[in-house]
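Basis for what follows: all heavy atoms, side chains included, without hydrogens, waters or symmetry-related copies. Ligands are counted one by one from 1 in listed order, and the atoms in each one are counted from 1 as well. Owing to the predicted nature of the structure, the values given are computational and were not obtained by experimental measurement.
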Amino acid sequence: MNIIKLNAIDSTNSYLIELSKSTLLKDETIVLAKEQTKGRGQMGASWYSKAGETLTFSIIKRFNSLSILHQANISLAVSLGIQKAMTTLFISNVSIKWPNDILSDEKKMAGILIENQVKQGNVTASIIGVGLNVNNELFENLPQATSMYLSSKKKYNMDLVLNVICDCILFELSQLEKTSFSELKEKYEMFLFRKDKITVFENLSGVKFNGKIKGINQTGQLLIETEDNPLQEFNLREIKMLY
Ligand code: BTN
């Protein structure tokens, strides 16, 4: 693995994005930081993690010919890679909460932040940031968070976990350009949290409603069946799952 190890940085995603502007980085270069001072999460949120307990890293993956119309496939592949890695490491009941939170026993164990570089309608490279809670013993004020330790009662060697998770992610990404959306969708939906179960959601106006998750479409939107509507499509900003 081609890996750059840092003690502390604002965000491994930001660092890798900046570095890729000034340096011709080898494909699949990984940036790992012991500590992030300004970790970033989805939708502009910040991502807090404790130094030495959570793995925080980013990978740059280049693509030869991946249309932006298929960019949702990257998120599916990365989620499936982490799901596979966690199962390989004997973590119980691993599922994927749409779009790409990795859960164990219904609690969040890993988050993913994907930032794509686009040229003439194609994704030329993707910066894939992962925060994986490994040896955390406690999460203050975060009742829906968990770690590999809390799930299995075992402490892990961080380098070993990094190896397994990067191998699994990079394997899925290496298959991406020759895998169809329907193949990815089928695998992804096998692990989709609360699929076919009645779930409470909240829309942008704060209105709560019941719906059943039926799956995802090509652009990565969530498909929900409600009483009045056979199938509605939602973006991440439009809906919150209350569980
Ligand atoms: C989320 O669940 O909202 C996504 C969290 C992603 C966090 C990781 S940690 C490594 C990489 N660098 C960042 O600043 N964010 C991602």
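Applying the salt bridge (charged side-chain N to carboxylate O under 4.0 Å, His left out) rule to Lys21 yields the partners Glu18; only residues at least two apart in sequence or on another chain are considered.
Considering only non-hydrogen protein atoms, atom 10 (C) of ligand 1 sits nearest to Thr12 OG1, 3.2 Å. Of all protein heavy atoms, the one lying nearest to atom 5 (C) of ligand 1 is Trp47 CE3, 3.3 Å. Of the protein's non-hydrogen atoms, Gln42 N, 2.7 Å is the one closest to atom 3 (O) of ligand 1. The protein atom (non-hydrogen) at minimum distance from atom 2 (O) of ligand 1 is Lys108 NZ, 2.6 Å. For atom 15 (N) of ligand 1, the nearest protein heavy atom (residue, atom name, distance) is Arg40 O, 2.7 Å. Looking from atom 12 (N) of ligand 1 to the surrounding protein, the closest heavy atom is Gln36 OE1, 2.8 Å.
Under the 4.5 Å side-chain heavy-atom criterion for ILVMFWY residues, a single connected hydrophobic cluster contains both Met1 and Ile59.
Distances shorter than 4.0 angstrom occur between a heavy atom of Gly39 and an atom of ligand 1.
Here is the list of ligand 1 atoms found below 4.0 Å of a heavy atom in Gly41: 1 (C), 3 (O), 4 (C), 5 (C). Listed by atom number, the atoms of ligand 1 under 4.0 Å from Ser11 heavy atoms are 12 (N), 13 (C), 14 (O). Distances below 4.0 Å separate heavy atoms of Ser58 from the following atoms of ligand 1: 11 (C). Residue Ile112 has at least one heavy-atom neighbour below 4.0 Å for each of these atoms of ligand 1: 4 (C).
In this structure, Lys155 forms a cation-pi arrangement with Tyr149, its terminal cationic atom sitting closer than 6.0 Å to the ring centre and no more than 45° off the ring axis.
Using a 4.5 Å heavy-atom cutoff, the side chains of Leu76 and Ile216 are in contact.
Nearest heavy-atom pair, Thr56 versus Ala33, reported as atom, atom and distance to 0.1 Å: OG1-O, 2.8 Å. What you find for Ser104 and Thr146 is that their closest heavy atoms are O-CG2, 4.0 Å.
Looking at Lys5 and Asp159, a side-chain N of the basic residue comes within less than 4.0 Å of a carboxylate O on the acidic one, giving a salt bridge. Of the charged side-chain nitrogens involved, at least one lies within less than 4.0 Å of a carboxylate oxygen, so that Lys187 and Glu172 count as a salt-bridged pair. Look at Arg40 and Glu115 and you find a salt bridge, because one of the NZ, NE, NH1 or NH2 atoms lies within 4.0 Å of a carboxylate O, short of that distance.
When heavy-atom distances to ligand 1 are checked against a 4.0 Å cut-off, Met43 has no atom that comes that close, whether in backbone or side chain. Residue-level proximity to ligand 1 for Ser49 is absent, since no heavy atom of it falls below 4.0 angstrom.
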